[in-house]
Enquirer: 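Pasting in a structure now, in structure tokens, and then I'll have a few things to ask.
Below, read A as the first sequence line, B as the second, and so on, with proteins coming before strands; counting in each chain starts at 1.
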Protein chains: 2
Amino acid sequence: MSPNAHDRLTIGELAARSGLATSALRYYEELGLIHSERTAGGQRRYKRATLRRVAFIRAAQQVGLTLDEARAALAELPAERTPNATEWAQVARAWQRRIDAQIADLERLRTRLTGCIGCGCLSLTRCRLYNPADTAAQSGPGARYLLEGAPPEQS
Amino acid sequence: MSPNAHDRLTIGELAARSGLATSALRYYEELGLIHSERTAGGQRRYKRATLRRVAFIRAAQQVGLTLDEARAALAELPAERTPNATEWAQVARAWQRRIDAQIADLERLRTRLTGCIGCGCLSLTRCRLYNPADTAAQSGPGARYLLEGAPPEQS
DNA sequence: GCTTGACTTCAAGCGAGCTTGAAGTTGCAC
DNA sequence: GTGCAACTTCAAGCTCGCTTGAAGTCAAGC
């Protein structure tokens with residue numbers, strides 16, 4: 001087989017291999033997350049490296065990044081070649097901190113919940129679920145809405 | 001002071017004490033999450049218990065429930081009185097399972113990330129971040145987009 | 001050369017969870 | 001009894017991450 005025949009991916013191929021819809025890929029391209037070349041007829045052709053970029057974007061979303069943040073993260077990695085250990089480690093460690101923060105938030109919530117099971121109170125003045133001493137950090141999706149601004153002491 | 005003067009809350013008071021915008025409270029009411037009585041002039045007046053309901057909704061969101069799910073959870077608790085230990089324990093334990101699942105997901109992701117730090121590969125054929133053996137559960141916001149449908153082996 | 005499926009663009013829509021704005025009314029303090 | 005902030009409804013708008021549809025073009029197998 002010709003080595004060039006499979007050198008570039010059509011959007012359908014990229015979709016099949018990345019598990020995303022073609023519409024999503026066009027959307028990513030519109031946002032500048034991925035790039036393509038065009039055939040004479042105007043169809044998109046993607047480099048193999050785009051497959052890696054797309055996988056990276058999916059991973060970033062799992063970590064809780066928006067597509068905008070994913071683009072910023074991608075900008076710190078080389079566009080065409082595989083990132084080296086140092087480059088990747090930097091990104092991975094930042095992601096780990098994020099994940100750790102998300103886990104910490106969830107654990108704090110679980111602790112509060114556990115404390116409440118026994119009492120059955122849901123008392124506004126006493127329940128720790130309603131009156132967390134700490135203002136949980138706004139890290140990651142799923143932790144957007146927090147119990148900051150808890151109701152004040154009430155007679 | 002008259003004991004009835006502060007018996008009901010205006011929407012502004014409820015907003016101030018719950019930390020939500022009045023627009024959000026009207027929206028919740030439209031969705032049937034909270035309820036109000038009206039003055040002769042048509043203004044909303046909330047029972048004190050609504051404060052508890054709103055706090056519950058916020059807590060539910062933190063656990064990753066949609067407003068629709070929060071409404072379902074509220075339906076299992078008494079509308080007007082403080083829930084008793086048994087009633088609350090049922091809800092709290094369900095939430096704990098949810099939180100545990102979310103934490104487990106995040107920890108799996110972190111483990112994969114850790115394995116990748118050393119190699120710096122981001123190789124599509126080898127990297128565990130791109131080729132997770134498991135299909136992470138779709139539990140909670142922030143875990144919506146997963147690496148299912150990872151790219152197949154490539155020469 | 002023709003058919004057919006994969007592609008193209010552009011505009012609109014969706015769903016969740018609200019916010020904003022306009023235009024009008026109410027309630028309370030002085 | 002008046003002034004003004006706080007309330008009312010209704011419609012539209014917004015963000016995020018896409019999907020859907022219409023109308024048309026390209027690429028490749030027979």
Enquirer: List the steps, then state whether salt bridge (Lys or Arg N to Asp or Glu O under 4.0 Å) holds for A:D68 with A:R71.
Expert: CA-CA 5 Å; A:D68 229 51; A:R71 181 175 40 197; 2.4 Å; yes
Enquirer: Salt-bridged, A:R108 to A:D105, with N to O below 4.0 Å?
Expert: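 Answer for the salt bridge query: yes.
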Enquirer: Sugar-phosphate atoms are those with a prime plus P, OP1 and OP2; base atoms are the rest. Using that split, label each nucleotide of nucleotides 20-30 of chain C B, S or - for protein heavy atoms under 4.0 Å, 5' to 3'.
Expert: B-----BS---
Enquirer: Any side-chain N or O of B:T66 under 4.0 Å from OP1/OP2 of C:dG17?
Expert: no
Enquirer: CZ of A:R26 versus P of C:dC10: gap in Å, rounded?
Expert: 12 Å
Enquirer: Which residue, A:L20 or B:G12, contacts DNA chain D at a nucleotide closer to its 5' end, judged by nearest heavy atom?
Expert: B:G12
Enquirer: May I ask you to verify if any side-chain N or O of A:Y28 is less than 4.0 angstrom from the OP1 or OP2 atom of D:dG17?
Expert: no
Enquirer: Looking at A:E37 and A:R44, is there a salt bridge between them, counting it only when a charged N and a carboxylate O are closer than 4.0 Å?
Expert: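 Salt bridge absent between A:R44 and A:E37.
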Enquirer: Can you tell me the distance, in whole Å, between the CD1 atom of A:I11 and the C1' atom of D:dC18?
Expert: 13 Å
Enquirer: Where is the tightest heavy-atom contact between A:R38 and A:S36, given as atom of each residue plus distance?
Expert: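 Smallest heavy-atom distance, with atoms named: NE-OG, 3.7 Å.
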Enquirer: Using a 4.0 Å heavy-atom cut-off across all strands, classify B:R44 as base, sugar-phosphate, or nothing.
Expert: sugar-phosphate
Enquirer: Rounded to the nearest Å, what distance is computed from the CG atom of residue B:L25 to the P atom of nucleotide D:dC7?
Expert: 10 Å
Enquirer: Write down the distance between CG (B:L33) and C1' (C:dA16), rounded to a whole number of angstrom.
Expert: 13 Å
Enquirer: Looking for any heavy atom pair under 4.0 Å, which part of the strands does A:L31 touch: base, sugar-phosphate only, or nothing?
Expert: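 Answer is nothing: A:L31 stays at 4.0 Å or more from every strand.
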Enquirer: Give the rounded distance in Å between these two atoms: OH of A:Y27 and P of C:dG13.
Expert: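 To the nearest whole Å, that distance equals 17 Å.
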Enquirer: Whole Å only: how far is the CZ atom of A:R38 from the C1' atom of C:dA6?
Expert: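 Spelled out: CZ on A:R38 to C1' on C:dA6 is 14 Å.
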Enquirer: Consider the side chain of A:T10, meaning its heavy atoms from C-beta on, and name the nucleotide among D:dC18, C:dG17, C:dC7 that approaches it most closely.
Expert: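 Selected nucleotide (nearest to the side chain): C:dC7.
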Enquirer: Contact class for A:T22 vs. all strands (heavy atom < 4.0 Å): base, sugar-phosphate, or nothing?
Expert: nothing
Enquirer: Measure from the side-chain N and O atoms of B:E69 to the backbone N and O of B:T66, and report whether any donor-acceptor pair falls under 3.5 Å.
Expert: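 Yes, because the side chain of B:E69 sits within donor-acceptor range (under 3.5 Å) of the backbone of B:T66.
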Enquirer: Expressed in angstrom and rounded to an integer, what is the separation of B:L14 atom CG from D:dA6 atom P?
Expert: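 The distance from CG of B:L14 to P of D:dA6 comes to 16 Å, rounded to the nearest Å.
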Enquirer: Without swapping roles, check the side chain of B:T50 against the backbone of B:Y46 for a donor-acceptor pair under 3.5 Å.
Expert: no
Enquirer: Measure CG/A:D68 against P/D:dT15 and give the value in whole Å, please.
Expert: 12 Å
Enquirer: Spell out, as yes or no, whether a donor-acceptor pair under 3.5 Å connects the side chain of B:Q102 to the backbone of B:V63.
Expert: yes
